[in-house]
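Residues: numbered from 1 along the sequence shown.
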Amino acid sequence: MTDAPRPTPSDHVDVVIVGAGLSGVGAAYRLQTECPTKSYAVLEARTAMGGTWDLFRYPGIRSDSDMFTLGYPFRPWRDAKSIADGSSILRYIRDTATEFGIDRHIRYSTKVVVADYSTDTALWTLTVEKRAHDGATTRTALTCNFLYSCAGYYDYENGHAPRFPGSDRFAGTVVHPQFWPKDLDYTGKKVVVIGSGATAVTLVPSMATDAAHVTMLQRSPTWISAVPSRDKTADRLRAILPAATAHRLIRSKNILLGTAFYQFCRRRPKAARALLTKMSTRILGDPQLVAEHFTPSYNPWDQRLCAVPSADLFKAITSGAAEVVTDRIDTFVPEGIRLRSGRVLDADIVITATGLRLKAFGGVKLHIDGRPVDLPSQFVWQGAMITAVPNFALCIGYTNASWTLRGDLTSRLVCKILNHMDRHQLAAVAPKADPGLRDRPLLELAAGYVQRSIGDFPRQGDRRPWKVRQNYLLDWLTTMRTDLTATLETTPRTATRQTHTQTDLVSARSRHSH
């Protein structure tokens, strides 16, 4: 491949959104609703929209948050289940994109490789890699005034796959959930799922219905809470109220309850441990089983709490279709896995639900005037913009609540910034860190997948607006009231040299709106 060609005026839009998943579709809705004069394109590296919900196809994949908060505030969730399966969520995203005409702005098989901002022109030049049906790739260029990354922070191309001793001697099949084979038949097979996070606790009860036996092998326990798969209060409200009104009430209820429970866990960890332990014991009926396999050493919400709808994991264990084993792997053997304790877990199939890898901005390399941005030395402002990087925003969700709650707030904030720039004839805005700001990791979770990669990300600070809070209610009260003139450095349009004439831009907008 050759270097990207110089962009022409027809390769320009006002705003580029990277990623056509849950966040990207929501961002596009906010942009076309609150900034209707802006032209935009959604660039999606894959061949279909949906992001996480299109990528992951393992059995039982589902939301780990209720859909009244994971769904969009502007489009009510109408399905029966509050904790929804992956295919239902994917359909919801696609239907939303179609209903609001967002699908017409998505460019598939278009991966942003490098984004280079010019301080001279106040424009981003994106080097994009387009993949044809035959797999061949070509590089082209695109310019925009504002770049908004909605690609999340997971690596879609590589999962975390630790090397296990002796794995080459295993006579069965090894599968990573991120790359689930379409033709995998586990009916009547013995399955071992390595891991104890959200993926593992989803896989085990789903596979147990058809497999001969499923074992969840964990190095240490995870906090797990049984939740209803249906929200009875929501059902009653939706039966008597208009869909939009019911959705707002249910959403508000779930936000308040979720926030209250999180604060309870953080402020009274001993009481939270006792409550979760009591709930698990009541379902499993075996205090020793709970003590050994479902009582972590860390406090609730030091890592993300795993929700199991209708207690399906616990029911699979009590029925004998599944079991949980807490031990460490010594080595793989032809018939399965030998543990440090000496026990051998027989297996026909081993599922390595060992976690994900993080990747900032979907792997897009940020440059300023041709020089790479040193991300770990930058701070995140309002959980949305980065110091020293003008006209750029990122969408990250909460670790203790639905991703969409913060995602939608961020998209609304981006629209406020864009409108502010237009009103004040600004070419660029960027946050500047306060003196004496103390840095902290962007995500403060003890989970392995976070700790392995978080050093490659920008940092958060120890006070507003640099602290990435895990409190939607506070963010909802303050984010849209942010005084942009007090916290952002600005560049007036008169101080930059634009490479596109006004006529060229109008022509480009017309072409890209269809």
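The main-chain N or O of Leu437 is never found under 3.5 Å from a side-chain atom of Asp434 such that the two would form a donor-acceptor pair. In terms of modelled atom types and a separation under 3.5 Å, the side chain of Ser39 and the main chain of Asp14 share a donor-acceptor contact. In this structure, Trp53 contributes its side chain and Ser63 its backbone to no donor-acceptor pair below 3.5 Å. With hydrogens and angles disregarded, no donor-acceptor distance shorter than 3.5 Å links the side chain of Asp85 to the backbone of Gly60. Listed for the Glu489 side chain is no donor-acceptor partner under 3.5 Å among the backbone atoms of Lys432. Within the 3.5 Å criterion, the main-chain N or O of Phe68 finds a donor-acceptor partner in the side chain of Arg251. Side-chain atoms of Glu34 do not come within 3.5 Å of backbone N or O of Cys415 as any donor-acceptor pair. Looking at Arg304, its side chain does come within 3.5 Å of a backbone N or O of Thr399 through a donor-acceptor pair. The closest donor-acceptor contact from the side chain of Thr387 to the backbone of Phe379 lies under 3.5 Å. The backbone N or O of Tyr108 lies less than 3.5 Å from a partner atom in the side chain of Thr110, making a donor-acceptor pair.
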Starting from the C-alpha separation in whole Å, work towards a yes-or-no answer on salt bridge (charged side-chain N to carboxylate O under 4.0 Å, His left out) for Arg30 and Asp408. CA-CA 8 Å; Arg30 289 299 185 189; Asp408 187 63; 2.8 Å; yes
Start with the C-alpha distance between Tyr262 and Tyr472, add both sets of side-chain angles, then the distance that settles side chain to side chain contact (heavy atoms under 4.5 Å, CB included), and finish with yes or no. CA-CA 11 Å; Tyr262 176 77; Tyr472 173 74; over 6 Å; no
As a quick check of understanding, evaluate side chain to side chain donor-acceptor pair (under 3.5 Å) for Ser65 and Trp403, giving each step before the final call. CA-CA 9 Å; Ser65 303; Trp403 177 279; over 6 Å; no
In sequence, state the C-alpha distance, the side-chain angles, and the governing distance for Thr482 and Trp381, and then conclude on side chain to side chain contact (heavy atoms under 4.5 Å, CB included). CA-CA 11 Å; Thr482 299; Trp381 170 87; 3.8 Å; yes
Side chain to side chain contact (heavy atoms under 4.5 Å, CB included) assessment of Ile329 paired with Ile194: CA-CA 10 Å; Ile329 295 173; Ile194 302 175; 3.8 Å; yes
Could you walk me through whether Ser411 and Leu31 pass side chain to side chain contact (heavy atoms under 4.5 Å, CB included), step by step? CA-CA 8 Å; Ser411 294; Leu31 183 64; over 6 Å; no
Given the rule in the side chain to side chain donor-acceptor pair (under 3.5 Å) test, do Thr173 and Tyr186 qualify, once you have shown the distances and angles that lead to the verdict? CA-CA 10 Å; Thr173 302; Tyr186 52 87; over 6 Å; no
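Note: Thr98 OG1 to Arg91 CZ = 12.5 Å, rounded to the nearest 0.5 Å. Between atom OG of residue Ser206 and atom CZ of residue Arg62 there is a gap of 6.0 Å, rounded to the nearest 0.5 Å. Taken from CG in Leu426 to CD1 in Ile417, the straight-line distance is 11.5 Å, to the nearest 0.5 Å. Rounding to the nearest 0.5 angstrom, the gap separating the CG atom in Asp116 from the OG1 atom in Thr127 is 7.5 Å. How far CG of Asn254 is from CG of Leu70: 11.5 Å, rounded to the nearest 0.5 Å.
Gln218 and His293 make their closest contact through NE2-O, 2.9 Å (heavy atoms, listed as atom of the first residue, atom of the second, distance). Heavy-atom minimum distance, Asn145 versus Asn391: O-ND2, 3.0 Å. Taking each heavy atom of Pro177 and Phe56 in turn, the nearest pair found is O-CD2, 4.3 Å. Residues Ala45 and Lys111 come closest through the heavy atom pair CB-CB, 3.8 Å. Of all the heavy atoms in Val350 and Ile337, the pair that sits closest is CG2-CD1, 4.1 Å. Smallest separation of non-hydrogen atoms from Asp54 and Met49: CB-O, 3.4 Å.
Around NZ of Lys130, the count of heavy atoms belonging to other residues, nucleotides or ligands within 6.0 Å exceeds 12. Heavy-atom contacts from other residues, nucleotides or ligands closer than 6.0 Å to CZ of Arg219 number 12 or fewer.
Counting only heavy atoms from C-beta outward, the side chains of Thr331 and Arg169 approach each other to under 4.5 Å. His105 is not listed as a side-chain neighbour of Ile17, based on a closest heavy-atom distance of 4.5 Å or more. No side-chain heavy atom of Arg107 sits under 4.5 Å from any side-chain heavy atom of Val128. With a 4.5 Å cut-off on side-chain heavy atoms, Pro441 and Arg459 count as touching. Side-chain contact between Asp302 and Arg266 is present, with heavy atoms from C-beta onward closer than 4.5 Å. Counting only heavy atoms from C-beta outward, the side chains of Ile349 and Ile351 approach each other to under 4.5 Å. Contact annotation: the side chain of Thr47 never approaches that of Arg131 to less than 4.5 Å [non-hydrogen atoms, C-beta and beyond]. Proximity of Thr33 to Phe74: side-chain heavy atoms (C-beta onward) are nowhere separated by under 4.5 Å.
Using a cutoff of 4.0 Å between basic side-chain nitrogens and carboxylate oxygens, Lys81 and Asp66 are not scored as salt-bridged.
Applying side-chain contact (heavy atoms from CB on, under 4.5 Å) to Ile224 and the options Val308, Val324, Leu276 leaves one that passes, Val308. With Asp475 as reference, Arg469 is the one residue of Arg469, Gln470, Gln382 to meet the side-chain hydrogen bond (donor to acceptor under 3.5 Å, both in side chains) rule.
Between Tyr117 and Phe392, the distance separating the two ring centers is not shorter than 6.0 angstrom. Centroid-to-centroid, the aromatic rings of Tyr398 and Trp476 stay 6.0 Å apart or farther. In this structure, Phe100 has its ring center no closer than 6.0 Å to that of Tyr72.
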